[in-house]
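Below is one structure, written out as structure tokens, with a few remarks after it.
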Amino acid sequence: MNKEIFNKNNIFINIDLKTQDEVFKYISKIAFDLGYVSNEKNLIKGFKDREKESTTGFEDGFAIPHARIKDVTKPAVFYIKLKNKINWKSLDGEGTNVVLALLIPDTPTGEVHLEILSSLAVKIMDDKVKKELQNPKTVQNVLDILSEQKEVKKVVQGKGKVKVVGITACVTGIAHTYMAEEKMLKAGPQIGVSVRIETQGSKGVGTKLTSKEIDEADVVILATDTSVEMERFVGKKVYATKVGEAIKDPVGLINKALKEGKIYESGKNEGFTTEKGKKAAVNDSALNHILAGISYMIPMIVLGGICLAFSLGLAKAIWGPESGTSGPNGEYKWGILAILDSIGGAAFALMIPVLAGFIANSIAGRAAIAPAMLGAFIGNDTSKLASWIPGIDGVSTPMGFVGAIIAGLVVGYYVRWVNTWKVPKSLAPAMPIFFIPLTAGIAISIMFIYVLGAPIGYVMDQIQTGIEKAYNSGNIGILVGLGLGLILGAMAGFDMGGPINKIAFITCSALITAGVQQPMGAMSAAIPVAPLGMGLSTILFKRFYSEEERGMGIAAMIMGTIGISEGAIPFAIRDPKRAIICNVLGSAVAGGIAGAFMITDAAAHGGPIVAILGAVPYGPMTAYYFIAVAAGVAVTTSLYGIWQLKDAGAFGSVKEAHVLHLEQLKAEKNERVRELHLEIKNLKEQNASEAKINIEKEKIAKIKEQYKLNVQLAKENFKPIDKKEKEFIKSSTLKSDLKLISTKYENQIKILKEEKIRKGSNLPKNEKKINNEKINNKISEIKEIKENKIKNCNIKIRKKYKEEYLNRF
């Protein structure tokens, strides 16, 4: 096993701990001291949250608690042999005295180690390994046992006439998923049954079931604690249960499934085996569904943005600022730049339907994808939107990603509702391929064509007319230019390529043909602010972003440089309140400065590229333009970062603990309310009395009232402790300590940079490249160490106040 993940420092024998909580606190303290985790409390919470999903206590005294959280800085495995067995709610009902704790970073880097950590969980299925780990002789003995590399051999299918296929999937997909697979595969041959299992874990789908295997199976067993895609099992005998049952009694499970399995009908919920599994699949949080859609949209944004940025930027560099990708006179219609432009445009056109389709898919499954995509496609094409408002000849602005979100949510919830209908078995297969797409597709299209398209077009037309009149009046001075620039800038930053942005852009583009170039100057300066500001925030405020989001930030900055504002959309949807407000303010500042200086732009485009290529006249005006853009980006980035810091609090602070506590209270309240709503739904299906239903409704009201009281109590406790902490920090040596840490590591980085220059001047080209890579890697490591030291320094000095606050609850 990788020594960074598991070594002698991670092994503890004969430790005297009495409860599960003590074990979690013990592991968290060690992990913090060894630098595996940046926040002890969050690791404890991560362990406990996992236990809420299902127990990590298995059989024969073993438990494998695991946490996948952002606070884990590097993956690790801890072995703890307890002096006495403790209660862990294990599957066999016995006590636990061997704990293998897994720590996984909630970042893309964590994926690299999942196979190692998952294989460790499977390893303890071996009776010999279990016996040795129960009676460790030395620390080295434990290390050798767990580090030993063995060829993993899956049990081959039995040759019995009865065929069973199944899926195993636990909530985190790290341990239970693969242990259940092992148990099921071993159980089959014992009773003469052929067994084939598909795993859905953190490593992805393992050996997916084929259509032939499903068709030939006598029963499908779903041993899952989360949702699985069910359409492929329509018409098959299905038995669903918790993943723990497959581990605890696989033989009994197979026999029960063969006897009690039921034919699956399309649109039913048999695949969701627990209430928590149902909630994972049918989460009523609209934001969660929107974020799911974004994950599918992001590749389209990146693909389209890079193609457009590269082709447009290069075209203007070759042929001048007013040229398109087909050349000055369109003579290169089939040139590579024009083709890349077409590919980018197609990706951006698909981006909107993809967002809608996969929002709907997150809510109601595959049947909702097609109608949602159709609705978003129509809403993004103004020629398909009817105009019924007097005085408006046609709809001038597409609905953009706002329409995509509406389409995704409306269609998704409609399809979910349809899936609750009780239809004859003969009609069930036709529902997802005929009835749902037909009714949902037509309904959302009619809504966009006849209801929503015209009002949006009317509002946008009024805005466009007002801007045109202002600039055509000929009375534009500094103050008016500033005011109009602020308005145009705010519109540019509001929805980043959406309806508001587009109407301002189209108006400014039209005015260029009339010889009025100042509006496009203001618009051009504002366009890149949102993507550049959001991208820069992922670099300056890393704490709030995952590795994937930082990669999106780089892509956004590239797009912003070429004037493509859509790169900021994922950030705006991820955190709409703060991101949109900061984008609007920053873009308004950029537009206002450009408007006040009467900056002109001869090209109907935005971003630094237009100034570089001369569309903004070279000279003082170019300098003013870059000042405007830089000021706008500074406002967006700093405001957004400060806002996030203010809301989250410093590392290890009372504020941070308070925010997390409020989030936990809210999550617990929502979970309990959802459970009661499900109970009410079940009571209604059972035709229960109104009195019983009202009892559950009263419980919901009490939970909500108690939540309000808990929040108020948390706020009352937070204020005095926060005040004490701030007074202590002012009088402490924290600032000087942080300065010393920063200076120490900055000096090391400075020395390495000087070494790179010194050595590089005397080395051949190939050796110089290798040397530079080594030194750059060292610099990156030092920067990471510096960040962790600063973080840990903050955490330690504030620790007593944070604990004082948490102890009150």
Side-chain angles (χ1 to χ4, degrees), residues 50-51 53-60 62-66 68 88-93 96 100 102 114-115 117-127 129-130 152-158 163-191 193-209 213-214 217 219-230 233 238-258 260-261 270-274 276-277 280:
R50 176 60 190 87
E51 293 297 326
E53 302 293 348
S54 61
T55 180
T56 59
F58 296 102
E59 299 169 325
D60 304 318
F62 282 82
I64 309 183
H66 41 280
R68 185 171 187 180
W88 207 284
K89 297 181 181 177
S90 299
L91 294 177
D92 60 2
T96 293
L100 286 169
L102 314 183
L114 283 173
E115 190 167 351
L117 298 172
S118 299
S119 64
L120 174 66
V122 175
K123 185 178 260 189
I124 68 164
M125 302 290 287
D126 187 300
D127 290 336
V129 171
K130 282 196 287 189
V152 178
K153 294 182 179 179
K154 295 291 180 190
V155 179
V156 183
Q157 294 182 24
K163 293 184 178 181
V164 172
V165 299
I167 295 175
T168 59
C170 62
V171 177
T172 53
I174 297 170
H176 291 63
T177 299
Y178 305 103
M179 295 179 79
E181 177 199 24
E182 287 287 316
K183 286 278 192 174
M184 293 286 287
L185 290 175
K186 287 180 179 178
Q190 293 176 23
I191 53 176
V193 173
S194 171
V195 176
R196 227 312 252 128
I197 299 296
E198 171 187 314
T199 55
Q200 294 187 10
S202 298
K203 296 181 286 183
V205 175
T207 322
K208 189 170 183 176
L209 295 172
E213 288 172 329
I214 295 170
V219 68
V220 178
I221 296 177
L222 303 175
T224 67
D225 289 336
T226 185
S227 62
V228 294
E229 189 271 311
M230 293 293 296
F233 302 131
V238 174
Y239 184 83
T241 185
K242 296 180 180 180
V243 70
E245 188 174 350
I247 299 171
K248 186 177 181 179
D249 185 16
V251 172
L253 172 58
I254 293 171
N255 287 327
K256 193 185 293 184
L258 288 167
E260 300 178 10
E270 284 90 341
F272 310 133
T273 59
T274 65
K276 289 186 179 181

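As the structure is a prediction and not an experimental result, all values here were calculated from the model. Side-chain atoms are counted along with the backbone in the values below, which use heavy atoms only and exclude waters and symmetry mates.
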- Message: Test side chain to side chain contact (heavy atoms under 4.5 Å, CB included) on Val193 and Lys163; report intermediate values, then the result.
- Response: CA-CA 6 Å; Val193 173; Lys163 293 184 178 181; over 6 Å; no

- Query: Rounded to the nearest 0.5 Å, how far apart are NZ of Lys242 and CD1 of Ile247?
  - Reply: 12.5 Å

- Message: To the nearest 0.5 Å, what is the distance between NZ on Lys183 and CD1 on Ile254?
- Response: 12.0 Å

- Minimum heavy-atom distance between Ala180 and Val243, given as atom pair plus value: CB-CG2, 3.6 Å

- Reported CD1-to-OG1 distance for the pair Ile167 and Thr224, which is rounded to 0.5 angstrom: 7.5 Å

- Rounded distance [0.5 Å steps], CD1 in Ile197 versus CD1 in Ile221: 6.5 Å

- Note on the structure: OG1 of Thr241 to CD of Glu260, rounded to nearest 0.5 Å, is 10.0 Å

- Query: Thr96 side chain to Gly57 main-chain N or O, any donor-acceptor pair under 3.5 Å?
  - Reply: no

- Are Glu213 and Arg196 close enough for a salt bridge, meaning some N to O gap below 4.0 Å? yes

- Who are the salt bridge (Lys or Arg N to Asp or Glu O under 4.0 Å) partners of Lys256, not counting sequence neighbours? Glu245

- Query: Which residues satisfy the side chain to side chain contact (heavy atoms under 4.5 Å, CB included) test with Pro65, sequence neighbours excluded?
  - Reply: Phe24, Phe47, Glu51, Thr56, Ala63, Trp88, Val99, Ala101

- Ignoring hydrogens and angles, state whether a donor on the side chain of Thr199 or Thr177 is under 3.5 Å from an acceptor on the partner side chain. no

- Task: Hey, could you give me the NZ/CD distance between Lys248 and Glu59, rounded to the nearest 0.5 Å?
- Result: 8.5 Å

- Any side-chain heavy-atom pair from Val220 and Tyr239 closer than 4.5 angstrom? no

- Query: Among all residues two or more places apart in sequence or in another chain, which pass the salt bridge (Lys or Arg N to Asp or Glu O under 4.0 Å) test with Lys130?
  - Reply: Asp60, Asp127

- Examine distances only and state if a side-chain atom of Gln200 and a backbone atom of Ala169 form a donor-acceptor pair shorter than 3.5 Å. no

